[in-house]
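Below, chains carry the letters A, B, ... as their sequence lines are ordered, and counting in each starts from 1. Only this structure's heavy atoms are used, side chains among them; waters, hydrogens and symmetry mates stay out.
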Amino acid sequence: MEITSLLSISLGAILVNNFIFSQFLGCCPFLGVSKKLDTAMGMGIAVTFVMGLASAITWIVNEFILVKFDLLYMQTVVFILVIAALVQFIEMFLQKSMPALYTALGIYLPLITTNCAVLGVALLNVQNQYNFIESTVYGITGGLGFLLAIVLFAAVRERNVFADCPKCFEGFPIALITAGLMALSFMGFSGLSVWG
Amino acid sequence: MNIGKQFKEGLVTNNPVLVQLLGMCSTMAITTSFFNGLGMGLSVLIILTLSNIIISAIRKIVPDKIRIAMFIVVIACFVTCVDLSLQAFVPALSKALGVFLPLIVVNCIILGRAEAFCYKNGVLASTFDGIFQGLGYTVVLLIMCVVREFLGSGAFGGGVFNGGKGFQIFPEQYGAKILTLPVGGFICLACLIAAMQWALTRPKKKEESK
Amino acid sequence: MNNIVIAILVLGIMGGVFGLILAIASKVFEVKKDPREEEILGHLAGANCGGCGFAGCSACAAAIVAGKAPVNACAPAGGENAAAIAQIMGVSVGATEKKVAFVRCNGGTNAKKRYEYRGVKDCIGATKIAAGPLDCSFGCLGFGSCVEACKFGAMSIGPNGTAVADPEKCTDCMACAAACPRKLITAVPYASKVHVACSNKDKGKAATSVCAASCIGCGLCEKNCKFDAIHVTDNLAVIDYAKCKNCKVCTKVCPRGAISPIPTPEEKEKFKAVMKAQAEKKAEAAAAAKAAEDAPKA
């Protein structure tokens with residue numbers, strides 16, 4: 001596990017295999033919370049935070065409980081329980097110790113429990129057989145990729161409101177087409193591998 | 001509890017993907033071939049129906065504060081069962097669906113219907129609700145698969161018909177490959193939702209012009 | 001059999017441990033909330049408009065409880081709710097005068113266009129392109145940024161193309177004023193019916209060339225007001241609402257129709273006839289007085 005492998009994981013998570021535009025994980029909040037730039041930023045940061053923590057803790061639980069007792073078929077159930085409990089805990093912790101952060105991000109935390117991206121990154125870590133550091137890095141940079149995608153998307157969507165649009169395309173359809181065009185542009189990064 | 005009304009709602013007027021706008025992650029990611037779409041749609045239908053039955057059966061004894069956690073546990077159990085069954089009996093499908101099969105746990109459709117319908121209605125109504133909403137989801141998946149496969153690679157029914165190869169309607173090199181990529185997923189779904197929005201507002205326009 | 005037991009045990013213990021951690025955390029990280037906050041929140045408008053100056057209704061409720069905001073901080077809630085909040089806090093509330101928004105422009109179709117604008121239908125955006133598509137650099141562009149900003153549906157674009165505030169729906173949150181790039185919207189007392197519908201600070205020819213309904217600063221309104229309620233400052237008429245009695249004489253003498261409510265042509269004719277009759281009577285009386293003065297001499 002060298003620095004270059006971590007860097008290539010990060011590059012992959014943020015640009016090449018962006019969680020939204022390549023892997024389709026986390027689309028629901030991506031489309032739901034991206035009407036304004038500030039809320040998009042808040043959601044992105046909250047998701048990054050939760051994804052990093054969830055990656056770390058699910059790896060620990062997987063390694064020391066599920067593998068030890070040969071219970072790998074329970075992964076789905078255990079991971080989702082861990083994530084739900086973790087998000088609840090973070091919400092309570094933030095409310096008490098960092099109220100300013102809670103008012104900024106707190107409302108997005110319950111939404112993140114059912115976010116495909118969080119459970120997805122936990123399962124992908126297992127699938128790719130990453131070790132602890134690699135899992136955590138993948139989680140955090142995956143969240144950063146989500147943040148990049150949602151902030152860019154919100155910026156475009158804010159302008160879309162003023163443009164003329166066929167009546168039946170107003171709202172979600174034109175947003176999806178915008179996302180598709182952005183996915184097309186992110187395709188330009190495919191095959192990019194700087195560190196091998 | 002009007003079955004005909006529930007059928008119409010599940011398939012058209014309250015379609016989980018096109019009207020309620022839930023469960024879009026899997027809709028766009030999976031629909032690259034007919035086999036995947038059919039497999040995913042049927043899996044979601046089975047999980048949705050079974051979890052609807054259990055959740056509406058236990059709704060009276062679940063405390064209000066932890067109901068979401070309980071829903072998730074019930075759904076996760078059924079997802080694990082279906083996941084393991086597919087790994088055993090249809091490994092090709094399990095491999096094709098990849099990480100999206102366990103992700104059915106957090107599929108907004110199932111949690112959404114549990115919260116919105118099963119928590120307030122009886123077992124029989126919830127069963128039919130599960131079946132019809134699942135059917136609505138499957139139909140949307142199949143339409144998207146057909147469009148993306150046909151326009152993208154000229155095939156129809158890849159993985160299911162013609163012994164698994166699908167019917168090649170026109171040669172693959174004339175297909176718009178872009179539709180089989182993520183871009184195509186976004187744009188296809190956008191057009192379907194637009195078509196549904198147009199179809200749903202048309203009768204109202206007719207009434208207004210009268 | 002062993003596997004099943006292990007699975008049940010592991011999952012059961014994990015569930016128990018998580019439950020315990022969460023239960024302890026909910027006690028350790030408990031945030032004590034003043035129960036009055038919930039009550040006050042119920043009396044607030046609930047639109048999260050930001051008119052009180054706080055980030056949302058919950059923040060306003062918290063500020064009121066902490067004593068950092070007055071009990072009538074929420075303008076949209078109205079006098080009744082302010083009184084209820086005052087009762088919860090145990091203080092008395094001062095009488096507040098209801099204010100509504102007014103758009104100080106009636107240009108629209110009266111105003112000359114400098115160029116045909118095709119772009120983002122937003123006033124803020126339009127103002128940035130060569131100082132706006134109107135010749136008048138003060139006037140309302142009519143693209144509706146204020147309409148978008150209003151959460152109570154009180155703003156709309158009127159028949160002549162300028163923004164209009166509905167005083168019945170307006171709650172004086174001033175979100176429209178914040179959105180207007182030309183700062184045309186001000187708060188006026190609900191009871192006042194006469195307002196100057198122009199913000200053009202240019203004089204005479206410069207004002208007439210840009211709009212058919214602009215205030216040119218001629219001062220006729222000031223001369224004819226019996227209550228000293230309207231004055232011309234900076235080539236623009238300004239009404240002092242403390243003195244204005246809503247007699248509407250200024251609206252009728254204004255040669256440009258820049259003061260709202262703009263009189264119809266019939267009303268103007270009637271008014272002119274009345275003024276003429278008054279002037280004639282005055283002239284007769286003056287002539288009679290002069291004759292009476294001359295007579296004793298003769």
Side-chain angles (χ1 to χ4, degrees), chain A residues 18-32 73-81 83-85 88 110-124 126-128 165-187 190, chain B residues 18-19 21-30 66 68-69 71-84 87 98-112 178-179 181-202 205:
Chain A
N18 188 286
F19 264 71
I20 303 272
F21 293 130
S22 274
Q23 301 190 59
F24 286 114
L25 295 173
C27 280
C28 295
F30 174 70
L31 291 164
Y73 59 90
M74 301 270 269
Q75 249 162 26
T76 317
V77 185
V78 171
F79 281 4
I80 193 68
L81 274 180
I83 292 172
Q88 188 80 346
L111 287 168
I112 297 177
T113 318
T114 52
N115 187 344
C116 310
V118 183
L119 185 59
V121 81
L123 292 168
L124 282 173
V126 171
Q127 206 176 64
N128 295 334
C165 183
K167 195 84 176 95
C168 57
F169 272 88
E170 267 175 25
F172 258 80
I174 198 71
L176 279 172
I177 292 187
T178 313
L181 291 173
M182 290 177 78
L184 184 63
S185 67
F186 264 72
M187 252 174 64
S190 72
Chain B
L18 299 181
V19 179
L21 303 171
L22 302 171
M24 283 180 286
C25 305
S26 43
T27 314
M28 290 186 280
I30 292 298
I66 54 167
I68 302 278
F71 295 164
I72 292 184
V73 170
V74 170
I75 298 169
C77 291
F78 285 120
V79 168
T80 312
C81 295
V82 169
D83 187 13
L84 292 172
Q87 273 181 28
V99 77
F100 280 96
L101 201 44
L103 280 179
I104 298 179
V105 173
V106 287
N107 192 326
C108 315
I109 298 178
I110 307 187
L111 207 59
I178 201 168
L179 281 175
L181 296 169
V183 192
F186 278 113
I187 296 186
C188 236
L189 185 62
C191 295
L192 276 181
I193 297 180
M196 183 58 117
Q197 282 189 356
W198 177 79
L200 284 179
T201 51
R202 220 172 38 129
K205 270 195 198 156

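- Only the side chain of A/Leu31 comes within contact range of chain B, with heavy atoms under 4.5 Å apart.
- Here the CG atom belonging to B/Asp83 is positioned 13.5 Å from the OH atom belonging to A/Tyr73, to the nearest 0.5 angstrom.
- Put simply, of A/Leu181, A/Thr178, A/Leu119, the one with the most heavy-atom pairs under 4.5 Å next to chain B is A/Leu119.
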Worked verdict on B/Met24 versus A/Phe172 for side chain to side chain contact (heavy atoms under 4.5 Å, CB included): CA-CA 11 Å; B/Met24 283 180 286; A/Phe172 258 80; 3.8 Å; yes
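- Closest of all the heavy-atom pairs between B/Phe100 and A/Gln23 is CZ-O, 3.4 Å.
- With a threshold of 4.5 angstrom between heavy atoms, B/Cys25 approaches chain A through its backbone and through its side chain.
- At a 4.5 Å heavy-atom cutoff, the contact between A/Ile177 and chain B is made by backbone and side-chain atoms alike.
- Counting all heavy atoms, side chain and backbone alike, B/Pro102 lies closest to A/Leu123 at CB-CD1, 3.6 Å.
- Residue B/Val106 forms a side-chain contact (heavy atoms from CB on, under 4.5 Å) with just one option from A/Ile80, A/Ile83, A/Thr76, A/Leu25, and that option is A/Ile80.
- Contact between B/Trp198 and A/Cys168 at its shortest, heavy atoms only, is CB-CB, 3.6 Å.
- For chain A, the nearby part of B/Leu21 is the side chain; its heavy atoms alone come within less than 4.5 Å.
- Contacts of A/Glu170 with chain B are made by backbone atoms alone, with heavy-atom separations under 4.5 Å and no side-chain atom involved.
- How far CD1 of B/Ile178 is from CE of A/Met187: 6.0 Å, rounded to the nearest 0.5 Å.
- A/Gln75 does not touch chain B: none of its heavy atoms, backbone or side chain, sits under 4.5 Å away.
- Between A/Lys167 and B/Thr201, every side-chain heavy-atom pair lies at or beyond the 4.5 Å cut-off.
- At a 4.5 Å heavy-atom cutoff, the contact between B/Leu181 and chain A is made by side-chain atoms alone.
- In this structure, B/Gln197 and A/Pro173 have side chains that are in contact, with non-hydrogen atoms separated by less than 4.5 Å.
- Contact annotation for B/Ala29: both backbone and side-chain heavy atoms come within less than 4.5 Å of a heavy atom of chain A.
- Residues A/Phe169 and B/Ala190 share a closest heavy-atom pair of CE2-O, 4.4 Å.
- Of the atoms belonging to B/Ile193, heavy atoms from both backbone and side chain fall under 4.5 Å from chain A.
- Contact of A/Ala84 with chain B is not made at all, since no heavy-atom distance falls under 4.5 Å.
- Ranked by heavy-atom pairs under 4.5 Å with chain A, the list B/Thr80, B/Leu22, B/Leu111, B/Ile187 is led by B/Thr80.
- In this structure, the separation between CG on A/Leu176 and SG on B/Cys191 is 9.5 Å, given to the nearest 0.5 Å.
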